[in-house]
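Okay, structure first, notes after.
Quick caveat, the model's predicted, so the values are computed rather than measured. Just so we're on the same page: letters track the sequence lines, and every chain starts at 1.
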Protein chains: 2
Amino acid sequence: MATAKEFDEFDAPAHLKRRSRPLRVADAIKDLMVENDMVAGDRLPSETKMIEMFGMSKGTIREAMRLLEAQGLVETKTGPGGGFFIRQVSHERARALLGNYFYFQNLRIADIYQLREMLEPELAASLAGKLPAHALERLERDIARYSSPATSLEEERDHHVNSLRFHMRLAKYADNAILGFLIDFMASILSDITVSRHLYDPPNFDLWKNGIDCQTRLVAALRGGDSDAARSIMTEHMKYARRLMQNQEDIVPKRFIRER
Amino acid sequence: MATAKEFDEFDAPAHLKRRSRPLRVADAIKDLMVENDMVAGDRLPSETKMIEMFGMSKGTIREAMRLLEAQGLVETKTGPGGGFFIRQVSHERARALLGNYFYFQNLRIADIYQLREMLEPELAASLAGKLPAHALERLERDIARYSSPATSLEEERDHHVNSLRFHMRLAKYADNAILGFLIDFMASILSDITVSRHLYDPPNFDLWKNGIDCQTRLVAALRGGDSDAARSIMTEHMKYARRLMQNQEDIVPKRFIRER
DNA sequence: CCCAATTTGTTCGTATGTATC
DNA sequence: AGATACATACGAACAAATTGG
């Protein structure tokens, strides 16, 4: 169990001496989580308890909790029975944090499509014959949301967003958590960019048609359990969309992804 | 410019009223960064200044800065000329933060290899003929580090780590920032797991041999600008390694990735 | 080498807000 | 409604780090 002594700054190795107290407390809490096999929902010691444990002031402890909160690892509740609780890092938080990184990385649209072209076909193939009826119906409802041609620019924008929503839905069903997360991340960035940069303007009828067509055939292939067909339909779709975005070599605009 | 009034809690829309003050300050600072096109190295207003600006106490401001610090967006320096400085989210920080997410996701070794098999061949292909001499030499030096068979378990472990280091090096040269980051991330997780789970035990001579062989041929292909060869060598290598890990269906052990 | 100025780091006491019983 | 247990927030004071004279 953690004692105040362990965290005494004078005990710290030389190269760690300068680390601030909140940072050290946050690390200690992480260790606590790992060593005690704590899971989401578990309660951490209260502020007062931590003040004793670490021999540090309330402000320092609070700063430490903020460090963990920003990482999505901890949430806070006031009132009796309240305190700091361990939280599973949410999809949305992870997406936003990774987005912060790419905020500085001069992403190009083509980069995103290069990834999508590698990942999405494999996801499609892996899901063939694996999805329950309600999932397939949900996908069909996603498609239905933009199945009639857009008659206004706003509708065109919504079509783009809804088309990407289909891909995010697919990503949720992924058996491979990394694969699912990444596909969702790509679609999410793309959706942001499409809206903020007005990439839906001018409307592109062919892209819409290809999207509807491919997604419809894809659902059929998924239902039929035809893995190869699913892969090649998705490949075709990605290549098509990529070609249309190919000239979008612009740097992705700088803005932070909001946690939704 | 931001004024205290803007952040008065009573001005906030209903659904945002409960957001804590540090959270709101952190968001305001992010907006400040975006709107003023601030870049890494730029200095944010000092504590005292922010206390005025937001009309909040020192503790609250500091908690807000910790929120940004944890995301890797801000660093702090004491002394004259010190203060809060904008910082480009580092590779290592992004890796650690994303690692937090997967800490809760029941990752399997096979999942990681599925991704590597998709991504690494494309990276290899895209680098053929593009790397300057010093980069190729660096890769060769990475290979040299484990070119003689391991004679002890520690050496075997180092061989695994060094082999993965080769892939991380390759990732650094990627033109596509997302692709590079992801490959590095996979190799990094794998390296962690290999060490912490002793996956290098028992030693696997064939895996080592295949690694050396493939990497040597890969560098030759990269130097010769043979894109297709580079892709197929990497594919072969990944498939081989994947097969050997195939039975490693275990859940990845729960531990946080340390920022290095 | 020391001293002074500047800026963050940390503590403590107090008061307030919030949810539960 | 009142008591309790918890986080949230403020303000004043002092400590530590860094820079420049």
Side-chain angles (χ1 to χ4, degrees), chain A residues 4-12 14-29 41-70 73-87, chain B residues 4-12 14-29 41-70 73-87:
Chain A
K5 190 168 176 304
E6 273 181 57
F7 305 103
D8 189 312
E9 53 201 324
F10 301 112
D11 285 356
H15 64 287
L16 289 178
K17 272 217 176 176
R18 329 299 304 284
R19 285 171 65 81
S20 72
R21 292 181 166 214
L23 233 41
R24 277 182 283 144
V25 170
D27 275 349
I29 295 291
D42 287 353
R43 192 185 148 165
L44 290 170
S46 71
E47 263 186 18
T48 338
K49 190 81 185 168
M50 290 195 197
I51 292 171
E52 290 174 24
M53 280 172 55
F54 298 108
M56 293 174 192
S57 78
K58 171 154 25 195
T60 303
I61 301 295
R62 289 180 60 78
E63 285 179 34
M65 290 306 112
R66 294 301 181 207
L67 287 170
L68 296 174
E69 185 187 334
L73 292 168
V74 155
E75 66 187 339
T76 274
K77 283 206 277 270
T78 61
F84 303 112
F85 295 85
I86 296 190
R87 185 191 155 148
Chain B
K5 190 168 176 304
E6 274 180 57
F7 305 102
D8 189 314
E9 52 202 324
F10 300 112
D11 286 354
H15 64 285
L16 290 178
K17 270 215 176 177
R18 328 298 304 282
R19 284 170 66 81
S20 71
R21 291 179 167 213
L23 232 42
R24 277 181 284 144
V25 171
D27 276 349
I29 296 292
D42 287 354
R43 195 187 147 162
L44 289 169
S46 72
E47 267 186 14
T48 334
K49 191 81 185 171
M50 289 193 197
I51 292 171
E52 289 175 25
M53 279 172 56
F54 298 109
M56 291 173 192
S57 77
K58 175 162 172 146
T60 304
I61 300 296
R62 288 181 59 79
E63 284 179 35
M65 291 304 112
R66 292 301 178 212
L67 287 170
L68 295 174
E69 185 187 331
L73 292 169
V74 155
E75 66 188 338
T76 274
K77 283 206 278 270
T78 62
F84 303 111
F85 295 86
I86 295 189
R87 184 189 154 149

Round to a whole Å and report the spacing from [atom1] of [X] to [atom2] of [N].
X       : N      : atom1 : atom2 : result
A/Phe84 : D/dA5  : CZ    : P     : 18 Å
B/Met56 : C/dA15 : CE    : P     : 22 Å
B/Ile51 : D/dC10 : CD1   : C1'   : 10 Å
A/Glu63 : D/dC10 : CD    : P     : 14 Å
A/Glu52 : C/dT11 : CD    : C1'   : 16 Å
B/Leu44 : C/dT8  : CG    : C1'   : 14 Å
B/Arg24 : D/dT8  : CZ    : P     : 13 Å
B/Arg43 : D/dT19 : CZ    : C1'   : 13 Å

For [X] and [N], is the shortest distance between a side-chain N/O and OP1 or OP2 below 4.0 Å?
X       : N      : answer
A/Arg66 : D/dT8  : yes
A/Arg62 : C/dT10 : no
A/Arg21 : C/dG9  : no
A/Ser20 : C/dT8  : no

Among the nucleotides [options], which one has an atom lying closest to any side-chain atom of [X]?
X       : options               : answer
B/Pro22 : D/dA9, C/dG9, C/dT6   : D/dA9
A/Glu47 : D/dC10, C/dT6, D/dT8  : D/dT8
B/Ser57 : D/dG11, D/dT8, C/dT11 : D/dG11

[atom2] on [Y] to [atom1] on [X], rounded to 0.5 Å:
X       : Y       : atom1 : atom2 : result
B/Ile61 : B/Glu52 : CD1   : CD    : 10.5 Å
B/Arg87 : B/Leu73 : CZ    : CG    : 9.5 Å
A/Arg66 : B/Glu63 : CZ    : CD    : 4.5 Å
B/Leu67 : A/Leu68 : CG    : CG    : 10.5 Å

Open item on the list: If we check side-chain contact (heavy atoms from CB on, under 4.5 Å) with A/Phe84, which of these qualifies: A/Glu69, A/Glu75, A/Met65?
Closed with: A/Met65
Task: 5' priority, DNA chain C, between A/Thr78 and A/Thr60 [closest heavy atom] - done: A/Thr60
Open item on the list: Base, sugar-phosphate or nothing for A/Gly83? Non-hydrogen atoms, less than 4.0 Å.
Closed with: sugar-phosphate
- [ ] Look at all strands and tell whether A/Gly82 reaches a base, only sugar-phosphate, or nothing, counting heavy atoms closer than 4.0 Å.
- [x] sugar-phosphate
Open item on the list: I'd like to know if A/Lys58 reaches the base of C/dG13 with its side chain, counting only an N/O donor and acceptor under 3.5 Å.
Closed with: no
